[in-house]
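Inspection log for the structure reproduced underneath, given as structure tokens.
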Amino acid sequence: MKKISELNFDVKLEKKEYKKQLKQLQYKMLNIQQFLYNNKIGLIIAFEGMDAAGKGGAIKRLTQRLDPRGYLVHPISAPQPHELRYHYLHRFWRKLPQHGQIGIFDRSWYGRVLVERLEGFASEQEWNRAYNEINSFEKILTEEQYIMLKFWIHVDKDEQLNRFKARQTDPYKSWKLTDEDWRNRSKFDDYVIAADEMFEKTDSKNAPWILIPGNNKNYARIKVLKETIKHVETELKRRGLNITYHHIEEKDDHAKSLASD
């Protein structure tokens, strides 16, 4: 299992190549969505990573051509008071996609061993126990009618600071930057340590962690699409299923607007 320190943040993808690959891969994802629906297999994708790493942008490109009736994106924040009355995994069980649908989690159950661990919302006993609880949770799902994978998108400290400053001056993005983001930034190195331990203890063949360098947004978005397609294909073959992709020609310039920021 890779560590964050082993990621190559110099990787880039030029805009022209990005647009070309984006169109092809998004149509593959549409094919996958239809295939999963017809075979009643659910797909669960969890996104974690540093603040401003580009999780939202990657999710947007992943879902851009999908039928909106067949997927849900769940933005996960701190649990509500009534949710604290249950086991911490309860609220995630309730958000699982139906068989044949796609469920995407922007933050996830891994908050127990990340923010809850570092901010003291979970005791050491609780977050240490959580590794086995999470592995059991994911094993139950992937041994049934679900495919699962987990992304960690990472930016280095300098790139994160640049993005924070850009958000401060952009009226359409300033809402994304909170005092909590700045507080988390002060614990950047602690999050790296916690994340590396999380990868080591919860990476599995059935629900793997995919680590992605996010300094170049184009590269990260395409990598998310490629890795999702690759993992789904592998899991379908394991179930004795083979997907056929349909070639679709673009009839207008709509793809250009989809690829742009």
Side-chain angles (χ1 to χ4, degrees), residues 1 25-26 28-49 55-56 58-76 79 83 86-114 129-153 198-212 223-245:
M1 185 68 219
L25 295 169
Q26 286 181 333
K28 278 194 170 186
M29 275 305 305
L30 178 56
N31 273 250
I32 283 173
Q33 182 189 33
Q34 294 168 346
F35 190 88
L36 293 175
Y37 175 79
N38 290 330
N39 288 276
K40 297 297 179 281
I41 298 171
L43 175 61
I44 301 168
I45 308 174
F47 282 85
E48 294 284 354
K55 296 181 293 297
I59 291 170
K60 179 180 178 180
R61 274 68 183 184
L62 180 68
T63 60
Q64 210 153 18
R65 292 188 190 272
L66 300 185
D67 184 334
R69 296 169 296 179
Y71 75 88
L72 283 173
V73 178
H74 302 285
I76 302 300
E83 292 174 320
Y86 301 91
H87 188 277
Y88 72 95
L89 287 174
H90 175 265
R91 62 179 176 143
F92 300 105
W93 275 105
R94 296 179 68 248
K95 291 179 172 65
L96 293 177
Q98 299 176 28
H99 294 160
Q101 294 193 333
I102 299 171
I104 297 171
F105 292 82
D106 185 351
R107 302 295 187 187
S108 70
W109 43 96
Y110 282 97
R112 174 57 56 118
V113 296
L114 291 169
R129 187 175 68 230
Y131 296 118
N132 287 332
E133 293 170 343
I134 288 169
N135 285 334
S136 297
F137 168 66
E138 294 175 352
K139 189 171 187 289
I140 289 169
L141 294 173
T142 55
E143 286 189 350
E144 205 235 2
Q145 288 293 94
Y146 288 102
I147 295 172
M148 181 185 293
L149 73 162
K150 300 149 340 191
F151 288 106
W152 179 275
I153 305 180
M198 177 181 74
F199 305 144
E200 180 183 357
K201 293 186 176 181
T202 61
D203 180 60
S204 63
K205 188 174 182 180
N206 57 302
W209 275 107
I210 310 294
L211 277 60
I212 296 179
K223 186 69 171 172
V224 165
L225 278 158
K226 285 182 175 179
E227 292 291 344
T228 301
I229 292 165
K230 178 182 175 182
H231 183 66
V232 170
E233 289 174 342
T234 299
E235 285 299 301
L236 290 176
K237 286 180 182 178
R238 187 174 66 82
R239 290 167 166 80
L241 299 169
N242 288 295
I243 184 169
T244 300
Y245 295 107

Nearest-0.5 Å distance, [atom1] of residue [X] to [atom2] of residue [Y]:
X	Y	atom1	atom2	answer
Ile104	Leu66	CD1	CG	7.0 Å
Ile243	Asn38	CD1	CG	9.5 Å
Ile102	Gln33	CD1	CD	4.5 Å
Asn39	Gln34	CG	CD	12.0 Å
Thr63	Lys60	OG1	NZ	9.0 Å
His74	Asp106	NE2	CG	11.0 Å

Side chains of [X] and [Y], heavy atoms from C-beta outward: is any pair under 4.5 Å?
X	Y	value
Val232	Phe35	no
Leu114	Glu48	yes
Pro97	Ile44	yes
Leu62	Tyr71	no
Pro79	Arg91	yes
Asn206	Met148	no
Leu236	Leu36	yes
Thr228	Ile32	no

So does [Y] get a backbone contact from the side chain of [X], meaning a donor-acceptor N/O pair under 3.5 Å?
X	Y	answer
His87	Leu89	yes
Ser204	Ala207	yes
Gln145	Gly42	no

Should the heavy atoms of other residues, nucleotides or ligands under 6.0 Å from [atom1] of [X] be counted, would the total exceed 12?
X	atom1	answer
Tyr37	OH	no
Glu83	CD	yes
Lys95	NZ	yes

**Asked** If we ignore angles and hydrogens, is there a donor and acceptor under 3.5 Å between the side chains of Trp109 and Glu138?
**Response**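 Yes, because at least one side-chain N or O of Trp109 sits under 3.5 Å from a partner of the opposite role on Glu138.
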
For residues [X] and [Y], report the shortest heavy-atom separation together with the two atoms involved.
X	Y	value
Thr202	Asn135	CA-OD1, 3.4 Å
Arg239	Ile41	CD-CD1, 4.0 Å
His231	Pro208	CE1-CD, 3.4 Å
Ile229	Met29	CG1-SD, 3.9 Å
Lys40	His99	O-CB, 3.3 Å
Leu30	Asp67	CD1-N, 4.2 Å

**Request:** Please find out if less than 6.0 Å separates the ring center of Trp152 from that of Tyr110.
**Result:**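 Centroid separation for Trp152 and Tyr110: 6.0 Å or greater.
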
**Result of checking Tyr146, Phe92, Trp93 against Phe137 for ring pair (Phe, Tyr, Trp, His ring centres under 6.0 Å)** =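 Only one option passes, and that is Trp93.
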
**Request:** Would you mind telling me which of Phe151, Tyr131, Trp209 makes a ring pair (Phe, Tyr, Trp, His ring centres under 6.0 Å) with Phe199?
**Result:**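 Considering Phe151, Tyr131, Trp209, a ring pair (Phe, Tyr, Trp, His ring centres under 6.0 Å) with Phe199 is found only for Trp209.
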
**Asked** Parallel, tilted or perpendicular: which fits the ring planes of His90 and Tyr86, with parallel below 30° and perpendicular above 60°?
**Response**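 Taking Tyr86 first and then His90, their aromatic rings lie parallel (interplane angle under 30°).
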
**Message:** Salt bridge or not between Lys237 and Glu233? Use side-chain N to carboxylate O under 4.0 Å.
**Reply:**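 No.
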
**Request:** Check the pair Phe47 / Ile76 against side-chain contact (heavy atoms from CB on, under 4.5 Å), numbers first and verdict last.
**Result:** CA-CA 10 Å; Phe47 282 85; Ile76 302 300; over 6 Å; no

